[in-house]
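Inspection log for the structure reproduced underneath, given as structure tokens.
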Amino acid sequence: MALIVQKFGGTSVGSIERIQNVATIVEAEKNKGNRIVVVVSAMGKTTDQLVSLAGQLTGTPSKREMDMLLSTGEQVTISLLAMALQARGHQAISYTGWQAGIMTEAVPSNARIEDIQTEKIHSKLETEQIVIVAGFQGISADGEITTLGRGGSDTTAVALAAKLGADRCDIYTDVDGVYTSDPRVVGHARKLSTISYDEMLELANLGAGVLHPRAVEFAKNYHVELEVRSSMVADRGTMITEENAMEDQLIVKGIAFEKNVARITLFGLTEQSSGLGEIFSALALEQIDVDIIIHSQLEDGSMNLSFTVNSEDVEQATNLLVRKQEVLGFKEIEFEEGLAKVSAVGSGMISNPGVAAKIFTTLSGGGIPVKMVSTSEIKVSVIVSNDLMEKASNVLHDQFICG
Ligand code: ADP
Ligand code: ASP
Ligand code: MG
């Protein structure tokens, strides 16, 4: 008898028919004699609709009340799925995040799971019950409901699988696996049979929305084998594990992209200016994440500093820097919005110099100017304008993966 955690995303539970379909998948595993924990997301676009309702009342809703609001979405799904399974004669019980013992940091809207008190789930599994847990939510030590960041139900599932010592964690979604890029955008994207934790983590962090990055982090740290598969088609999906299968030894394993990047440039920093430490500390104090940083020394000895932030933070960041201009000691500030980041990821890059060169040649051949670059051992990211993001993703994909 195996312990299996199954997770079903929003589209997979988007209607009563879809919930019945999920009940059939859960039932099939239960009938094989397995113990089952199911994690579900809010139905369809419910979370977006709740965000929009709040937006009709205020442009600056409190994060605490947003957590309270958004956590209701998953509560609808858990109860409906429990009813569907009970109607088929199974014993099933639904739990919200706090009932399931999911303890998180006290960080509203983007909390990390710190611990899961699993006694209750274990005791229900022992009596052959199917346990259904609301994804994306938990409770902080001071008793506040928290949410885990958009897409966070994946993390609930993988954290539960890790803590319960599950034999498998199956992530059921609206695609039949992890592709070499988002199949909705890159026409030639193809399904991978396996991908390593490290590559998946890079892709998820760089914008591949198929898995929440923290879910991959949990899977890697606790050696949880994940399978991403379709809730509509019975085929095998993609295994996310320690090692790659031989067939998938591509130099570049995938292309990820994300919009909403903005670049801020500070001109005319001098020896007398405060150090870079102060600039980035000031931004960090206001919780502004900085991504790519380029620092260039000019002939006259002065320096320019460019860095990227999320578009949502650009106004706050520039206002803050302008307020501190005198202390920080730069001459001018400029920002550019409407940018995107396109990244090529693959552990094969470590032993293959020349990938970056090929990326630049390919992009320039496609008439795509590169505004910034950042590299690590297993990825190269370029900043391009938003309207060239799809083209850049497709030409790089065709060059490295389908060529
Ligand atoms: P769920 O609601 O099931 O969690 P998501 O919408 O969060 O589903 O994730 C699935 C979507 O991720 C797909 O529909 C696809 O458009 C997108 N996606 C982005 N990158 C990839 C990729 N590399 N492989 C597969 N899907 C991807
Ligand atoms: N319902 C949440 C969201 O839409 C969590 C999830 O689906 O994973 O972001
Ligand atoms: Mg998701």
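We count ligands from 1, going down the list as the structure has it; atoms in each ligand are counted the same way.
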Nearest heavy atom to [atom] wins, so pick from [options].
{"atom": "atom 9 (O) of ligand 2", "options": "Arg150, Lys7, Gln137", "answer": "Arg150"}
{"atom": "atom 22 (C) of ligand 1", "options": "Ser181, Ala256, Ala215, Ala204", "answer": "Ser181"}
{"atom": "atom 7 (O) of ligand 2", "options": "Ala157, Ser41, Ala215", "answer": "Ser41"}
{"atom": "atom 25 (C) of ligand 1", "options": "Ala189, Gly177, Gly152", "answer": "Gly177"}

Legend entry - Salt-bridge present (Arg64, Glu144; N to O < 4.0 Å):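 Salt bridge: yes.
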Legend entry - Salt bridge Lys379-Asp198, side-chain N to carboxylate O under 4.0 Å: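 Looking at Lys379 and Asp198, the cut-off is not met.
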Inset, instruction - Would you please test Ile25 and Asn21 for side chain to side chain contact (heavy atoms under 4.5 Å, CB included) and show each step? - result: CA-CA 7 Å; Ile25 296 172; Asn21 173 56; 4.2 Å; yes
Inset, instruction - Considering non-hydrogen atoms only, spot the tightest contact between Ala84 and Ala23 and give its length. - result: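 Where Ala84 meets Ala23 most closely, the heavy atoms are CB-CB, 4.1 Å.
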Inset, instruction - Of all the heavy-atom pairs spanning Thr155 and Ala215, show the shortest one and how long it is. - result: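 Between these two residues, the closest heavy atoms are OG1-N, 3.1 Å.
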What atoms of ligand 1 come within less than 4.0 Å of a heavy atom belonging to [X]?
{"X": "Val178", "value": "24 (N)"}
{"X": "Ala208", "value": "20 (N)"}
{"X": "Tyr179", "value": "22 (C), 23 (N), 24 (N), 25 (C)"}
{"X": "Lys7", "value": "4 (O)"}
{"X": "Gly10", "value": "2 (O)"}

Legend entry - Neighbour count above 12 (heavy atom, 6.0 Å) for His188 NE2: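 Not more than 12 within 6.0 Å, no.
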Could you identify the single nearest non-hydrogen protein atom to [atom] and state the distance to 0.1 Å?
{"atom": "atom 27 (C) of ligand 1", "value": "Val210 CB, 3.6 Å"}
{"atom": "atom 3 (O) of ligand 1", "value": "Thr173 OG1, 2.6 Å"}
{"atom": "atom 6 (C) of ligand 2", "value": "Ser153 OG, 3.4 Å"}
{"atom": "atom 11 (C) of ligand 1", "value": "Asp174 OD1, 3.8 Å"}
{"atom": "atom 7 (O) of ligand 1", "value": "Gly209 O, 3.5 Å"}

Inset, instruction - Report yes if Asp182 has an N/O atom closer than 3.5 Å to an N/O atom of ligand 1; otherwise report no. - result: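 Yes: some nitrogen or oxygen of Asp182 is under 3.5 Å from one in ligand 1.
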Inset, instruction - Consider every N or O of Arg184 and every N or O of ligand 1, then say whether any pair is closer than 3.5 Å. - result: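 Yes: some nitrogen or oxygen of Arg184 is under 3.5 Å from one in ligand 1.
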Legend entry - side-chain hydrogen bond (donor to acceptor under 3.5 Å, both in side chains) between Ser181 and Ser393, intermediate numbers included: CA-CA 8 Å; Ser181 193; Ser393 303; 5.6 Å; no
May I ask you to check whether [X] and [Y] show a side-chain donor-acceptor distance below 3.5 Å?
{"X": "Ser193", "Y": "Arg236", "answer": "no"}
{"X": "Gln20", "Y": "Arg88", "answer": "yes"}
{"X": "Gln316", "Y": "Glu286", "answer": "yes"}
{"X": "Glu199", "Y": "Ser196", "answer": "yes"}

Atom indices of ligand 2, in the order listed, that fall short of 4.0 Å to a heavy atom of [X]:
{"X": "Gly152", "answer": "5 (C), 8 (O)"}
{"X": "Gly151", "answer": "3 (C), 5 (C), 6 (C), 8 (O), 9 (O)"}
{"X": "Phe136", "answer": "2 (C), 5 (C)"}

Legend entry - Sub-4.0 Å heavy-atom contact, Gly151 with ligand 1: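 So Gly151 does not count as touching ligand 1.
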Legend entry - Donor-acceptor under 3.5 Å (Asp313 side chain, Ile288 main chain):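 No, the answer is negative, given that no donor and acceptor are paired below the 3.5 Å cut-off.
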Inset, instruction - Give, for atom CG of Asp167 and atom CG of Leu3, the distance between the pair rounded to the nearest 0.5 Å. - result: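 It is 6.0 Å, given to the nearest 0.5 Å.
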Inset, instruction - Find the distance between CG (Leu339) and CG (Asp387) and round it off to the nearest 0.5 Å. - result: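 Taking CG in Leu339 and CG in Asp387, the distance rounds to 10.0 Å.
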Inset, instruction - Determine whether any heavy atom of Gly73 lies closer than 4.0 Å to an atom of ligand 2. - result: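 No, Gly73 has no heavy atoms under 4.0 Å from ligand 2.
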Inset, instruction - Please confirm whether Asp154 comes within less than 3.5 Å of ligand 2 when only nitrogen or oxygen atoms on both sides are compared. - result: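 Between Asp154 and ligand 2, no N or O pair is found under 3.5 Å apart.
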Inset, instruction - Specify side chain, backbone, both or neither for His212, according to which of its non-hydrogen atoms lie closer than 4.0 Å to ligand 2. - result: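 No part of His212 is near ligand 2 at this cut-off.
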